[in-house]
Amino acid sequence: MTGRARVAAVQVMAISEAGVAAHVAAAWARGEGGSIVTVNVDIARKASRDPALAELVAAAELVVADGMPVVWAARLAGLAVPERVTGASMVFSLSGRAAAEGRSVFLLGGERGVAEAAGRVLTARYPGLKVAGSHSPPFGFDTTEDGMRETVDRVVAAAPDLVLVGLGFPKQEHTIAALRRRLPHAWYLGCGAGIPMAAGQFSRAPERLQRIGGEWLHRLWLEPGRLARRYLVEDLPFALQVLTAAAWLRLTGRRA
């Protein structure tokens, strides 16, 4: 369908946000489901440390570049990635496509009441959008068979066409894998903080800051206690390492 480039342990695709929405709509028309992973630096780092997580990413039908360092590394590797495609943005674009196609959406994630609030925002923006349901699983639900089963049962009973899963990597991808076994014809988006952002709990960075790869600074300013170690100690050195390696391969005439 589209070219791919390796960034650390994952392969991202050269596809735009509009291309993702078109692909999902075409798959709906054929009765086919699938999942979307939005790879940022943190996901690439974790997948590079754990082969099982790399396989989890590779199992998705669409793997897109969320995060400008991932976009830059893919471009250095020779892949013409058209743009950054974020989970937060696709919450809206895929919901809009679902509304246009007469499809339904389920919101899974966020603190109590947040998924419901996001659903109200989406239905106000896209008249005719069917919200099949929403659920905020309790902390640790994924650590027991009963907890995971209860969450999966809720979604399966609602029978949505699109499931927005905002639980963070890799919890959301493990949950998506469990859901796909029971509800294979739906599409799933692992959207991280996309649900609380849609609900207005967090704001996106200004467009100009997003374009130059600085949205992580905005998130760090909003949540320093939760994100400082992840962004500054873990992700930033990894991003520099990946970009340096990609630049070296480019300079020496090789391709990742």
Side-chain angles (χ1 to χ4, degrees), residues 9-10 12 20 24 33-50 52-67 70 85-95 98 105-112 114-119 122 132-145 147-156 158 160-184 186-199 201-202 219 223 226-227 230 234-235:
V10 301
V12 298
V20 171
V24 171
S35 65
I36 306 163
V37 174
T38 59
V39 175
N40 56 23
V41 170
D42 195 62
I43 290 177
R45 178 182 61 81
K46 289 175 179 176
S48 73
R49 304 287 194 269
D50 187 342
L53 296 183
E55 291 178 7
L56 195 62
V57 173
E61 277 66 32
L62 298 178
V63 181
V64 300
D66 177 348
V70 178
V85 181
T86 71
S89 180
M90 281 197 292
V91 164
F92 289 94
S93 58
L94 291 182
S95 294
V105 60
F106 192 106
L107 296 96
L108 180 62
E111 298 175 358
R112 185 178 297 275
V114 172
E116 290 85 349
L122 294 173
S134 59
H135 180 49
S136 300
F139 180 78
F141 81 95
D142 57 312
T143 63
T144 66
E145 289 186 11
M148 180 65 80
R149 185 184 306 111
E150 179 183 353
T151 294
V152 170
D153 286 347
R154 280 176 178 261
V155 180
V156 171
D161 300 296
L162 171 67
V163 187
L164 306 175
V165 188
L167 300 170
F169 182 86
K171 185 186 299 185
Q172 63 194 17
E173 277 67 32
H174 283 302
T175 304
I176 287 170
L179 283 164
R180 292 189 67 179
R181 291 191 286 270
R182 299 273 306 279
L183 198 64
W187 270 85
Y188 302 88
L189 170 67
C191 59
I195 291 175
M197 284 184 177
Q201 189 175 16
F202 301 109
R219 290 291 309 282
E223 300 181 88
R226 188 174 75 86
L227 297 177
R230 169 180 153 185
E234 298 173 340
D235 288 354

Could you check if a side-chain atom of Ile36 sits within less than 4.5 angstrom of a side-chain atom of Met90, using non-hydrogen atoms only? yes
Which residues share a side chain to side chain contact (heavy atoms under 4.5 Å, CB included) with Ala59, sequence neighbours left out: none
If you look only at distance, which donor and acceptor atoms sit under 3.5 Å apart when one is on a side chain in residues 161-169 and the other is two or more places apart or in another chain?
residue : atom : partner : partner atom : Å
Asp161  : OD2  : Ser104  : N            : 2.9
Asp161  : OD2  : Ser104  : OG           : 3.3

Heavy-atom pair with the smallest gap, counting every atom of Ala118 and Ala199: N-CB, 3.7 Å
For Arg49, enumerate each residue passing the side chain to side chain donor-acceptor pair (under 3.5 Å) test, keeping only those at least two apart in sequence or located in another chain. none
Tell me, do Thr175 and Tyr188 make a side-chain contact under 4.5 Å, heavy atoms counted? no
Side chain to side chain contact (heavy atoms under 4.5 Å, CB included) partners of Ala115, counting only residues at least two apart: Leu107, Ser134, Ser136, Ile195
Within a strict 4.5 Å, meaning less than it, do heavy atoms of the Asp66 and Val85 side chains meet? no
I'd like to check Thr38 versus Cys191 (side-chain heavy atoms, cut-off strictly below 4.5 Å). Are they in contact? no
Quick one: salt bridge (charged side-chain N to carboxylate O under 4.0 Å, His left out) pairs with a partner in residues 36-45, sequence neighbours left out? Asp42-Arg45, Asp42-Lys46, Asp42-Arg230, Arg45-Glu234, Arg45-Asp235
Looking at residues at least two apart in the chain, or sitting in another chain, which of them share a side chain to side chain contact (heavy atoms under 4.5 Å, CB included) with Gln201? Glu111, Val114, Pro196
Pairwise distance CD1(Ile176) to OG(Ser35) - rounded to 0.5 angstrom: 6.0 Å
Grab the two heavy atoms, one from Pro160 and one from Ala132, that are nearest each other, plus how far apart they are. CB-CB, 4.0 Å
With sequence neighbours left out, what residues match Glu116 under salt bridge (charged side-chain N to carboxylate O under 4.0 Å, His left out)? none
Going through the distances and angles, do Leu108 and Leu179 end up as a side chain to side chain contact (heavy atoms under 4.5 Å, CB included)? CA-CA 11 Å; Leu108 180 62; Leu179 283 164; 4.2 Å; yes
Spacing of CE belonging to Met197 relative to OG belonging to Ser89, to within rounding of 0.5 Å: 11.0 Å
So, do Glu61 and Trp187 sit near enough that their side-chain heavy atoms are less than 4.5 Å apart? yes
Restricting to side chain to side chain donor-acceptor pair (under 3.5 Å), what partner residues turn up for Thr86, sequence neighbours left out? none
Heavy-atom side-chain proximity of Val57 to Val39 below 4.5 angstrom: yes
Leu53 and His174, any side-chain heavy atoms less than 4.5 Å apart: yes
Given Leu62 and Val37, is the side chain to side chain contact (heavy atoms under 4.5 Å, CB included) satisfied, shown in steps? CA-CA 6 Å; Leu62 298 178; Val37 174; over 6 Å; no
With sequence neighbours excluded, what pairs up with Arg112 under the side chain to side chain contact (heavy atoms under 4.5 Å, CB included) test? none
Look at Glu173 together with Arg180 and state whether they make a salt bridge at an N to O cut-off of under 4.0 Å. no
List the residues meeting side chain to side chain donor-acceptor pair (under 3.5 Å) with Asp153, not counting sequence neighbours, and say none if there are none. Arg182
Value for OG1 (Thr144) from CD (Glu150), rounded to nearest 0.5 Å, stands at 9.0 Å
How far apart are the C-alpha atoms of Met148 and Phe141, what are their side-chain angles, what is the distance that settles it, and do they pass the side chain to side chain contact (heavy atoms under 4.5 Å, CB included) test? CA-CA 6 Å; Met148 180 65 80; Phe141 81 95; 4.0 Å; yes
Side chain to side chain donor-acceptor pair (under 3.5 Å) partners for Ser93, two or more places apart: Glu17
According to salt bridge (charged side-chain N to carboxylate O under 4.0 Å, His left out), does anything in residues 85-94 pair up with another residue at least two apart or in another chain? List the pairs. none
Checking side chain to side chain contact (heavy atoms under 4.5 Å, CB included) for the pair His135/Thr151: CA distance, chi angles, key distance, verdict? CA-CA 8 Å; His135 180 49; Thr151 294; 3.9 Å; yes
